[in-house]
There are 2 protein chains.
Amino acid sequence: MQLDKIVNYHKALSDPTRLRILLLLCKGEEIHGQALAERLNLSQPTVTHHAAKLREAAMITERRDKNTIYFRMNPEFIRAGSEASLNFIFSKGTQEMEQESPDDNLKESVLRNFFAKDGRLRQIPAQYKKKLIALQFMAEKLAPGTVYSEKELNEFIRQYHEDYATIRREFIMHQFMYREHDKYELNPTEMWTRWENVR
Amino acid sequence: MQLDKIVNYHKALSDPTRLRILLLLCKGEEIHGQALAERLNLSQPTVTHHAAKLREAAMITERRDKNTIYFRMNPEFIRAGSEASLNFIFSKGTQEMEQESPDDNLKESVLRNFFAKDGRLRQIPAQYKKKLIALQFMAEKLAPGTVYSEKELNEFIRQYHEDYATIRREFIMHQFMYREHDKYELNPTEMWTRWENVR
DNA sequence: GATATAATTAGATGTATATCTAACTATTAA
DNA sequence: TTAATAGTTAGATATACATCTAATTATATC
């Protein structure tokens, strides 16, 4: 999973000792383990520990000469990780693909399986994605710009399901509708919950 | 301390749940707490917990409407943190200032206090920075390019201090000298331990 | 004032991890 | 082969923190 790599990148950099090690290496010089331990006032095993983490994240490279292991910074990987992280958070690259079609097959199957032939909702789907599909399907039947009283809205929902209270709450919860002083109104569709970017 | 801010930035991003929250917010939409909790399959307190961390790192902003708190991503700060982190690691900006003068006052005082009038080292400084100053002072008296036998080097060090074994080891440890088959040679001064970037 | 809803705080629990000392391994050199 | 040196591994300890449930606070509405 992509996410874990990003997490590991930031874990590697979220410790003051490791940052200080990188700082010591940032001039490009090589420094060996014992020298690091002494400079940082740490034991050798602790240096080994941090070196392993930095190596796993490809932030340093190592060279052996006799008994001594010299560390050197790997700046390209540090920069690359930073960029990958930003791209991930801002969803560069994957955004376009997932923007469209929230799984049309799923939508079809939910409409087929959860709604009876007479249009009523058999049961409220428990699974998150499916529930949203059912909610959206019903919300689309409401008139944009119209202000509904609670009573009117209950009546509307009752066309589909007896448990209007739950569904009314879900409409609010997932931002299909907005409530003010017991008056209900459809939100603009841009605000309707999106599930494409959940992953 | 500057270091802590960088650590906190990466801590904020080193948890999969928080990354998923940012991912949900990355389209610029607002999402409120309960919706986040449901989407991520977490309890509301857990969302509060993560929201607090993200807010501390200025990665999200919050807006209250009635009882509900809506979160929105703060992309500028996420990018700014990334840049600040790289600048810190690669020591942009501070590098020039600290490049010079490893604390000339300290150097003077060490040379004055630890070396006698006849030039001998009274005692090996225990404090790291001071020890390096004393070592460097002595190392500078060695001839670059010259290969010393262990005996010769011991004699040289003895000019300064009886404990030539310790000082010889320190010369190696801190990369003032290099040893191969009992032959000792001065390292190029670029390799001499630098302390400017320890902080 | 009473009730409902959203969020926060408190406290418990389990896991992750930074650090140390002691023991061990690997490499070099006498 | 033995001794010395650098590094690693094992195990202990303490702290950080992600998560939950239960109780509390804050806001809005009747």
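Atom set for the values below is all heavy atoms of this structure, side chains included, hydrogens, waters and symmetry mates excluded. Naming: A, B, ... by sequence-line order, numbering from 1 per chain. Not measured: the values here are computed from a predicted model.
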B:Leu153 side chain near B:Tyr164 side chain, heavy-atom distance below 4.5 Å: no
Spacing of B:Glu150 atom CD relative to D:dA4 atom P, expressed in whole Å: 13 Å
Touch class at under 4.0 angstrom, heavy-atom based, for A:Thr68 against every strand present: sugar-phosphate
Atom pair distance, as rounded to whole Å: CG in A:Leu54 and C1' in D:dG7: 16 Å
B:Ile69 CD1 - C:dT5 P separation (whole Å): 18 Å
Summary of protein contacts for nucleotides 17-25 of chain C, nucleotide by nucleotide, where a base hit scores B, a sugar-phosphate-only hit scores S (4.0 Å, heavy atoms): SSBBBB---
Rounded distance in Å - CZ (B:Arg169) to C1' (D:dA6): 13 Å
Interatomic distance where CZ belongs to B:Arg55 and C1' belongs to C:dT8 [whole Å]: 10 Å
Gap between atoms NE2 and P, on A:His32 and C:dT28 respectively (whole Å): 16 Å
B:Ser82 vs B:Ile78 side-chain heavy atoms within contact, under 4.5 Å: no
Donor-acceptor contact present, side-chain B:Arg122 to main-chain B:Asn113, <3.5 Å: yes
Distance-only donor-acceptor check, side chains B:Gln136 and B:Glu140, under 3.5 Å: yes
Phosphate OP1/OP2 of C:dA7 contacted by B:Thr48 side-chain N/O (<4.0 Å): no
Basic-acidic side-chain contact under 4.0 Å: B:Glu56, B:Lys53: no
Phosphate OP1/OP2 of D:dT5: any A:Lys66 side-chain N/O under 4.0 Å: no
Nearest-neighbour nucleotide for the B:Arg64 side chain, D:dT5, D:dT27, D:dT9 considered: D:dT27
Residues forming a side chain to side chain contact (heavy atoms under 4.5 Å, CB included) with A:Lys141, sequence neighbours excluded: A:Phe137, A:Phe156, A:Tyr160
Lys/Arg-Asp/Glu bridge criterion (N-O < 4.0 Å) met for A:Glu38, B:Lys131: yes
Value in whole Å for how far the P atom of D:dA28 lies from CG of B:Asn67: 7 Å
Interatomic distance where CG belongs to B:Asp65 and C1' belongs to D:dA28 [whole Å]: 11 Å
